[in-house]
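Note that this is a predicted model, so its numbers are computed, not measured.
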Amino acid sequence: MPPLQPAAAPPLPGADLAGAERGPVQPGVVLVGVGPGDPELLTVAAVRAIAAATLVAYPVARPEAEGMAARIAAPWIRADQRRLPLVFPMVSEADPRRAAWHAAAAALASAAAAGEAVVLLCEGDASLYASASYALLALLERHPGCPVRVIPGITAVAAAAAAGRWPLALQQDALLIRPTPETPAAFEELLAQAGREGTVLALLKLGHRWSWVRPRLEAAGLLDAALFGQRVGWPDQLLAPAAAVPADEQPYFSLLLIRQCWPKVLP
Ligand SMILES: C[S@@+](CC[C@H](N)C(=O)[O-])C[C@H]1O[C@@H](n2cnc3c(N)ncnc32)[C@H](O)[C@@H]1O
């Protein structure tokens, strides 16, 4: 049987979204989930919010960095829209991170107070392990008068499941989305518990941990039960059974889906 082809998506009304349909500027901050990588995976609501923005904010790890969310949404950002990179440092110390969250919230709130319609772009979904969530919490705490809303995005977990044609959860399955445990022992314990409870695991922040995760999956006889996803939605996306991915360190944008059992009633 030939592989199923996705139905051709009707073209998004880009011209309308980018121009004619824009109404008066509505000052405030909108957190926008931009999906995992493919610009086609932004929602219509996300595209409309970006089109209506006068200021496009996005997280960066360093002042000169490009920002993943901004790259994903690039086709939907016009040249006449001003940009505001917000530094969210990737460090473990609490103080610089708190300072960055409060600085980001202050910058967003002051732009909104000055009449700007601001979007803060966020890779994947805006509420799932998202830098934008810290800005949201800081805004709600310190700038309660600032109008804020959140537009959800397609999370990398859902995009990986779809690309791999891998049902995430069925019937009574539980689904646990979490960072990959920090140690082999904690990973083995999590696997055993998920196996006992019939929980499907979606493990984020796999990256360099893959070098010790893979051998433990193999020892547990679970290589064929796991789907590895890397840079899902990007042109160099890799979706592969765990068995096909060597035990090297992998990039940060990697995840693992593990299903240890299936419901009894299936087609
Ligand atoms: C800080 S979390 C962000 C999650 C994001 N907000 C979402 O909804 O998908 C980052 C982790 O998500 C996973 N991730 C995000 N985007 C990905 C992608 N395009 N492909 C594979 N994994 C991705 C990786 O495990 C990465 O380490």
Side-chain angles (χ1 to χ4, degrees), residues 1 3-7 9 31-38 40-46 72 122-130 132-133 150-182 184 186-207 209-210 213-214 216-234 237-245 250-267:
M1 198 172 80
L4 288 177
Q5 294 298 321
L31 273 57
V32 177
V34 300
D38 182 349
E40 292 291 310
L41 291 184
L42 272 79
T43 64
V44 174
I72 294 169
C122 177
E123 197 263 338
D125 177 57
S127 305
L128 190 73
Y129 301 110
S133 289
V150 181
I151 295 178
I154 294 178
T155 170
V157 170
R165 298 183 298 185
W166 202 95
L168 264 182
L170 297 159
Q171 300 174 26
Q172 301 306 310
D173 289 342
L175 169 65
L176 178 59
I177 301 177
R178 55 157 292 165
T180 306
E182 291 294 342
F187 175 68
E188 284 167 347
E189 198 180 314
L190 178 66
L191 266 190
Q193 188 180 350
R196 281 195 303 275
E197 296 174 358
T199 298
V200 177
L201 294 171
L203 301 181
L204 306 182
K205 304 184 184 180
L206 184 61
R209 297 175 185 86
W210 178 243
V213 164
R214 191 192 187 283
R216 271 137 191 108
L217 268 185
E218 186 167 19
L222 290 173
L223 276 182
D224 291 335
L227 180 71
F228 180 97
Q230 186 172 103
R231 292 179 58 82
V232 178
W234 291 86
Q237 156 181 301
L238 170 65
L239 256 300
V245 183
Q250 297 293 335
Y252 175 75
F253 284 98
S254 307
L255 57 76
L256 192 66
L257 306 179
I258 309 170
R259 169 183 285 283
Q260 300 187 52
C261 55
W262 290 86
K264 287 202 181 67
V265 183
L266 285 174

Query raised in the report: Are any side-chain N or O atoms of D125 and backbone N or O atoms of G153, one a donor and one an acceptor, separated by less than 3.5 Å?
Result: yes

Report summary line: On a heavy-atom basis, the closest approach of L168 and A158 is CD1-CA, 4.4 Å

Query raised in the report: How long is the span from the SG atom in C122 to the CG atom in L128, to the nearest 0.5 Å?
Result: 9.0 Å

Requested in this report: Look at atom CD of Q172 and say whether more than 12 heavy atoms of other residues, nucleotides or ligands are closer to it than 6.0 Å.
Outcome: no

Query raised in the report: Are any of the side-chain heavy atoms of V34 and I154 separated by less than 4.5 Å?
Result: no

Query raised in the report: Would a distance-only check, ignoring hydrogens and angles, find a side-chain to backbone donor-acceptor pair under 3.5 Å from W234 to P36?
Result: yes

Query raised in the report: For the side chain of Q260 and the backbone of L191, is there at least one donor-acceptor N/O pair under 3.5 Å apart?
Result: yes

Query raised in the report: Hey, is the main chain of A161 close enough, under 3.5 Å, to the side chain of R165 for a donor-acceptor pair?
Result: no

Query raised in the report: Looking at side-chain heavy atoms only, is the closest gap between I72 and L42 below 4.5 Å?
Result: yes

**Report entry** Straight-line distance of F253 CZ to K205 NZ, nearest 0.5 Å
**Finding:** 10.0 Å

**Report entry** Distance-minimising heavy-atom pair for A46 and V32
**Finding:** CB-CG1, 3.4 Å

Query raised in the report: Side-chain contact, heavy-atom cut-off 4.5 Å: L239 with L227?
Result: yes

Query raised in the report: If we only count heavy atoms from C-beta on, is the E182 to F187 side-chain gap below 4.5 Å?
Result: no

Query raised in the report: Which residue, L190, L255, L203, L201, forms the side-chain contact (heavy atoms from CB on, under 4.5 Å) with T180?
Result: L203

Report task. Grab the two heavy atoms, one from L31 and one from A132, that are nearest each other, plus how far apart they are. Result -> CD2-O, 3.5 Å

Requested in this report: Verify, without hydrogens or angle tests, whether S133 (side chain) and A126 (backbone) share a donor-acceptor contact under 3.5 angstrom.
Outcome: yes

Query raised in the report: Below 4.5 Å, heavy atoms only, C-beta onward: do S254 and W210 meet side chain to side chain?
Result: no

Report summary line: Residues passing the side-chain hydrogen bond (donor to acceptor under 3.5 Å, both in side chains) test with T155, sequence neighbours excluded, are none

Query raised in the report: Are the side chain of E218 and the backbone of R214 linked by a donor-acceptor contact shorter than 3.5 Å?
Result: no

**Report entry** Closest heavy-atom pair and its distance - L175, A202
**Finding:** CD1-CB, 4.4 Å

Query raised in the report: How far does CZ of R231 sit from CG of L238, to the nearest 0.5 angstrom?
Result: 11.0 Å

Report task. Would you indicate whether the side-chain heavy atoms of L257 and V157 approach each other to under 4.5 Å? Result -> yes

Query raised in the report: Is a side-chain donor-acceptor pair under 3.5 Å present for Q250 with Q230?
Result: yes

Query raised in the report: What closest approach, in Å, do P152 and T43 show between heavy atoms, and which atom pair accounts for it?
Result: O-CG2, 4.0 Å

Query raised in the report: Should R259 and D173 count as side-chain neighbours, where that means a heavy-atom distance under 4.5 Å?
Result: yes

Query raised in the report: Can you find a heavy atom in the side chain of F228 that is under 4.5 Å from one in the side chain of L206?
Result: yes

Query raised in the report: Do other residues, nucleotides or ligands put more than 12 heavy atoms under 6.0 Å from E197 CD?
Result: yes

Query raised in the report: What's the spacing between R216 CZ and E188 CD if we round to 0.5 Å?
Result: 5.5 Å

Report task. Please step through side chain to side chain contact (heavy atoms under 4.5 Å, CB included) for the pair L170 and V200, ending with a clear verdict. Result -> CA-CA 10 Å; L170 297 159; V200 177; over 6 Å; no

